[in-house]
Amino acid sequence: MKAGGGSMALRYDPQSAEPKWRAEWDKISLFKAKSPAQAGDAPKAYVLEMFPYPSGRLHVGHVRNYAMGDVVARHKRAKGYNVLHPMGWDAFGMPAENAAMEHNTHPGKWTYQNIAAMKKQFMKLGLSLDWSREFATCDPDYYGEQQRLFLKFMDKGLVYQKKAKVNWDPVDNTVLANEQVIDGKGWRSGAEVEQRDLVQWFFRITDYAEDLLSEVQKLERWPEKVRTMQANWIGRSEGLQMRFEWAGEAPQGHETGVEIFTTRPDTLYGASFVALSPDHPLTIEWAESREDLQAFRAECAKVGTSEADIEKAEKIGFDTGLRVKHPFIDGETLPVWVANFVLMGYGTGAIFACPAHDQRDFDFARKYDLPILPVVKPSGEEADEAWVSSGQGADMDAAYTGPGTAMQSGFLDGKSVDEAKSEAIAKIADAGLGERTVNYRLRDWGVSRQRYWGCPIPVIHCEGCGIVPVPIADLPVKLPEAVSFDRPGNPLFHHPTWKDVDCPTCAKPAQRETDTLDTFNDSSWYFARFASVDDPAERAYWLPVDQYVGGVEHAVLHLLYARFFTRAMRDVGELDLPSGEPFAGLFTQGMVTHATFKSDNGRWLQPSEVEQKPNHWIETATGENVTMGDIVKMSKSKKNTVDPDEIIATFGADAARWFVLSDSPPERDVEWTQSGAEGSARFVQRVWGVFNALSDAPRDDAPMEGEATVALRRASHQLAQAVDTAIEEFRFNSAIASIHEWTSVLKKAEQGDDDLIAARFEGASMLARCLTPFMPHLAEECWALIGGEGLVSAAAWPVVDAGLLVEDNVTLPIQVNGKRRAEISVAKTATKDEIEALALAQSAIASFLDGKDIKKVIVVPGRIVNIVAS
RNA sequence: GCCUGUGUGGCGGAAUUGGUAGACGCGCGGGAUUCAAAAUCCCGUUCUCUUAUGAGAGUGUCGGUUCGAUUCCGACCACAGGUACCA
């Protein structure tokens, strides 16, 4: 480069330095995990980020996720752990089939091409990954093993079949995923979607409900919010299962009555009606002979299968005309309705309704003019005499669901809600009508999918023998290569020959199961496969995962299924993991968001296609006006993704890593901005400058003393300490703030005395190592500049001198009536009395105390002084 | 609808257990360097009033507890994630 004055261009060039250092790491297989034997005394650390779906391109959200895991992995390695940090591909799923339909490519080809492209991008990020353990879940080796596990679970009685609802597209004759149903219509055909029953495979996850619930509370290194979400999802509730006997003639086959489940037996005196789910066996039987009920069921089936759709749907009901006896009031009967807000999947699929104390019952009662009978008097002052005496609830505008005492409830009157629950249950039990039960919101896991690109369920249907497992020796049941996507529906089912097979038991012609497994199966045990392909001892050594990192959107389903899967594997003798818990530590990170841009004619534009003018945005190519829309999660459809390749090409991988970890706390969303990336790139140069200034400085043996030296050393050690704790606590943004400060401190020291040189070297050496988890390539370059030994990625974490962290003096703010008015500097050892005397002697304080009496002086040593005066 | 979060300057955010609100960065303003620019370095930057000194207000809204609240409690508003076939 040509430069004036003969000075070299003093710049760090990431484009040449980054590949150079990655090659150095590869040369010695630095990031390959050691076997238990090789590891010796080193403790193990299994660091794992949720593996990606190979969508085609990496985006900045991936960079953030994997950069976070890399910080943890590199930090652990520097602290002497034997680290396992693997990577692979969650490769089955719908997008591959959609691509097959749109572009006429095979899902497998599409997937493996995407993997190759994304891996290339991954390599540029400088992540400390052990690629020797890589696999894709669509590899037959992997899904074959998954089939074997399925059969083991089946042996153990954890697998069964039952009917369940799916979204059915009547035009395409195909099952739709919830996200493929838009406003009740199929996304391709536009036809009204209807619910349809299909026989499907299920895992008995509910067998583990109690264990999954009680153990999740003990996962101390999981975020509280995730534990709460899991607990709420499992939804344990104690209540009463009881039957209401028929008043009058009983329907055939149901003579004993209607079984209901309730969590509010204390409100039985407020019962207004009994309601059945539209899918209750009784409802279905009646509908066979009643056209009006059949029509009602058809109306209910128009709502999608998702919980949100069902809950938000307008409440509708059908009066069957039948009546049941009230269990406590002789001669009293209640009407039996069919109501769409009663879910067959929860409890018994039937309820009794107490509109005064349940909001859904209340809404329904108002709509169909059913009685509202208040039976709980709110505790405290909320009790309103008029409300209580009205009796009919005519003046209630909402259900009362809070605590209180029973009223207008016969033998329960005056009892608290909890007491009344127990006594009501006891009375029902005495009468032989029911008993106390525990119910869970959690439902069994439906694993059947009517799709091609997934793991085939390894069973055979034989006319004579029934359901026959595929013999272990015949695994894997491979997906057929030749497959057609030119008509909707399951290609495995349409395949001309694939499903034809001889029955393993009787050798007569039989048919393969054509359902494939839900892709959540694939991600429920991949961490065990990373630990070892097939060695149980090595799996036992690595598991559980010490630090799992992934998006908060997986807080319930993925994590719950994985917790079930490891328990099931343990219980069939496939995993030596006594707790059954796969992830000892969990961190859930936020998403990367970006502004969206839309041209005046309604096209979405990529961020790279627009530029900012003083008061507006324009499309670079055309100069046309562009509107900036919402800042949302990066998605292909809104074209607001940012490709890391461009950033790496412009600023380097380190700057990209640095930016996604700066500013926002890891658990929160972060917005991608160009200026932020530029700022990171500037900082890279600034750091390099600090080290470069030291590179030809004389290594000085001067003693490490003198006021300025101690101050500089103190700053370095304090900041190293701050970086260390921030990493441990997943506060990477704080760690980065400390590194910023540290760099400025070292920069300022360049203006200082020559005597500072030793302290500067020490600080730089510590900084390089603290920098490594964040910007590993730059750290290597800096380490080399100051003559560091070997690779900084292999160097030990700096040791902080605790003696340097202690400060002798402390600054205390002085408040008058809670407002800061002055500050004093006192010795750390000063007593309360000394501090108080000093504070009151401050001239700045006096004017605020003028004409006032000092009521109290609060002295919190090391923190604050507050003078209360009036 | 339900469950779980989040809300602080122009912007992203910091504030270890209830103890100096705005660390650090971006942006912006000013200065140094330069023939000039880029790059770099230094200083300033919550708002309002004030010549300065300084004063007042201020962490989504309203209320409460406390000597003291971004932090704890109650009610509300907005946004985000999940809601069992997106991964």
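Residue numbers begin at 1 in each chain, while the letters A, B, ... track the order of the sequences.
- With B:A84, B:G13, B:G81 as the candidates, the nucleotide lying closest to the side chain of A:Asn733 is B:G13.
- Counting heavy atoms from C-beta outward, A:Val166 and A:Gln200 have side chains that approach closer than 4.5 Å.
- Among the heavy atoms of the strands lying under 4.0 Å from A:Lys225 are primed sugar atoms or P, OP1, OP2 only; no base atom is included.
- Within 4.0 Å (heavy atoms only), A:Phe683 reaches no atom of the nucleic acid at all.
- The only member of A:Phe527, A:Tyr526, A:Trp89 that meets ring-ring contact (aromatic ring centres under 6.0 Å, His included) when paired with A:Phe51 is A:Tyr526.
- At most 12 heavy atoms of other shown residues, nucleotides or ligands fall within 6.0 angstrom of atom CZ in A:Phe493.
- Of the candidates B:C85, B:A14, B:G82, the closest approach to any side-chain atom of A:Glu553 belongs to B:G82.
- The base-pairing partner of B:U51, taking Watson-Crick or G-U wobble contacts with both distances under 3.5 Å, does not exist among the strands shown.
- Atom CG in A:Leu559 sits about 16 Å away from atom P in B:A87, given to the nearest Å.
- In the set B:U4, B:C86, B:C85, the nucleotide with an atom closest to the side chain of A:Glu179 is B:C86.
- Between B:U40 and B:U33, the two C1' atoms lie 9 Å apart (nearest whole Å).
- Across all strands shown, B:A87 forms no Watson-Crick or G-U wobble pair with both key distances under 3.5 Å.
- Residue A:Ile736 is out of contact with every strand shown, counting any heavy-atom pair closer than 4.0 Å.
- Taking the six-membered ring for Trp and thresholds of 30 and 60 degrees, A:Tyr208 and A:Phe564 have ring planes more than 60 degrees apart, a perpendicular arrangement.
- Taking a cutoff of 4.0 Å between a charged side-chain nitrogen and a carboxylate oxygen, A:Asp444 and A:Lys162 do not qualify as a salt bridge.
- Heavy atoms of A:Asn866 sit under 4.0 angstrom from at least one base atom.
- Across all strands shown, A:Trp233 has heavy atoms under 4.0 Å from base atoms, whether or not it also approaches the sugar-phosphate.
- Only the P atoms considered, B:G64 is 15 Å distant from B:U70, to the nearest whole Å.
- At the heavy-atom level, A:Arg360 lies nowhere under 4.0 Å from the strands shown.
- Side-chain contact between A:Phe520 and A:Trp445 is present, with heavy atoms from C-beta onward closer than 4.5 Å.
- Taking a pair to require two hydrogen-bonding distances under 3.5 Å in either a Watson-Crick or a G-U wobble arrangement, B:A15 remains unpaired.
- Pairing for B:G10 goes to B:C26, judged as Watson-Crick or G-U wobble with the two contacts each under 3.5 Å.
- Under 4.0 angstrom from either OP1 or OP2 of B:C42 there lies at least one side-chain N or O belonging to A:Arg686.
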Donor-acceptor pairs under 3.5 Å, side chain of residues 224-231 of chain A to any protein atom, not counting sequence neighbours: which ones?
from	atom 1	to	atom 2	distance (Å)
A:Glu224	OE1	A:Arg227	NH2	3.0
A:Arg227	NE	A:Leu219	O	3.4
A:Arg227	NH1	A:Gln217	O	3.0
A:Thr228	OG1	A:Glu224	O	2.8
A:Gln230	OE1	A:Arg563	NH1	2.9
A:Gln230	NE2	A:Ala555	O	3.0
A:Gln230	NE2	A:Val556	O	3.4

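- For A:Arg731 against B:U16, no side-chain N or O and base N or O form a donor-acceptor pair under 3.5 Å.
- Side chain of A:Lys747, nearest nucleotide from B:G81, B:A84, B:C41: B:C41.
- Taking atom P in both B:C73 and B:G19, one finds a spacing of 15 Å when rounded to whole Å.
- Within a 6.0 Å sphere centred on NZ of A:Lys819, other residues, nucleotides and ligands contribute 12 heavy atoms or fewer.
- The side chain of A:Arg668 sits closest to B:G13 out of B:G13, B:C85, B:G25.
- Whole-Å rounding puts the A:Glu741 CD to B:G13 P distance at 19 Å.
- Minimum atom distance to the side chain of A:Asp90 is reached by B:A87, of the listed B:U83, B:A84, B:A87.
- Contact annotation for A:Ala555: no contact, since no heavy-atom pair falls under 4.0 Å across all strands.
- Side-chain atoms of A:Arg686 and A:Ser744 include a donor-acceptor pair closer than 3.5 Å.
- Taking the six-membered ring where tryptophan is involved, the planes of A:Tyr548 and A:His558 are tilted, since the angle between them lies from 30° to 60°.
- Regarding A:Ile864, its CD1 atom lies at a distance of 4 Å from the C1' atom of B:G19, rounded to whole Å.
- Pairing for B:C72 goes to B:G64, judged as Watson-Crick or G-U wobble with the two contacts each under 3.5 Å.
- Rounded to a whole angstrom, the distance from the C1' atom of B:A84 to that of B:G10 is 44 Å.
- Under the Watson-Crick or G-U wobble criterion, with both distances below 3.5 Å, B:A80 is paired with B:U4.
- In the set B:C43, B:A84, B:G13, B:C43 carries the atom at the smallest distance from any side-chain atom of A:Lys748.
- Atom C1' of B:C76 sits at a distance of 26 Å from the matching atom of B:G68, rounded to the whole Å.
- Counting non-hydrogen atoms under 4.0 angstrom, A:His554 reaches a base of the nucleic acid.
- Residue-level contact check: A:Gln450 touches the bases, meaning some heavy atom is under 4.0 Å from a base atom.
- Counting non-hydrogen atoms under 4.0 angstrom, A:Gly446 reaches the backbone sugars and phosphates but no base.
- The closest side-chain heavy-atom distance from A:Gln685 to A:Arg11 is below 4.5 Å.
- Minimum atom distance to the side chain of A:Lys856 is reached by B:C67, of the listed B:G13, B:A14, B:C67.
- Between B:U65 and B:A52, the distance separating the two C1' atoms is 41 Å to the nearest Å.
- Residue contacts shown for A:Pro52 are absent, as no nucleic acid heavy atom lies under 4.0 Å away.
- Atom C1' of B:C41 sits at a distance of 27 Å from the matching atom of B:U46, rounded to the whole Å.
- Among the nucleotides B:G19, B:U4, B:C85, the one closest to any side-chain atom of A:Thr228 is B:U4.
- Across residues 814-824 of chain A, A:Gln815, A:Lys819, A:Arg820, A:Arg821, A:Glu823 each have a non-hydrogen atom less than 4.0 Å from an atom of RNA chain B (numbered order).
- A:Glu750 comes within 4.0 angstrom of no nucleic acid atom, judged by non-hydrogen atoms across all strands.
- Comparing B:G19, B:U40, B:C24 against the side chain of A:His740 picks out B:C24 as the nearest.
- With hydrogens and angles left out, the side chain of A:Glu667 and the base of B:G5 share no donor-acceptor pair within 3.5 Å.
- Between B:G29 and B:G18, the distance separating the two C1' atoms is 38 Å to the nearest Å.
- No contact: A:Ser738 has no heavy atom under 4.0 Å from any strand.
- Between A:Lys165 and A:Asp197, at least one side-chain N (NZ, or NE/NH1/NH2) sits under 4.0 Å from a carboxylate O, which counts as a salt bridge.
- Rounded to whole angstrom, the span from the CD1 atom of A:Ile310 across to the C1' atom of B:A84 amounts to 11 Å.
- Taking 90° from 0 as the syn/anti boundary, the base of B:G9 is oriented syn.
- Close to B:A14, at under 4.0 Å from its OP1 or OP2, lies no side-chain N or O of A:Ser734.
- Within the nucleic acid shown, A:Ser306 comes within 4.0 Å of sugar-phosphate atoms alone, with no base atom in reach, counting heavy atoms only.
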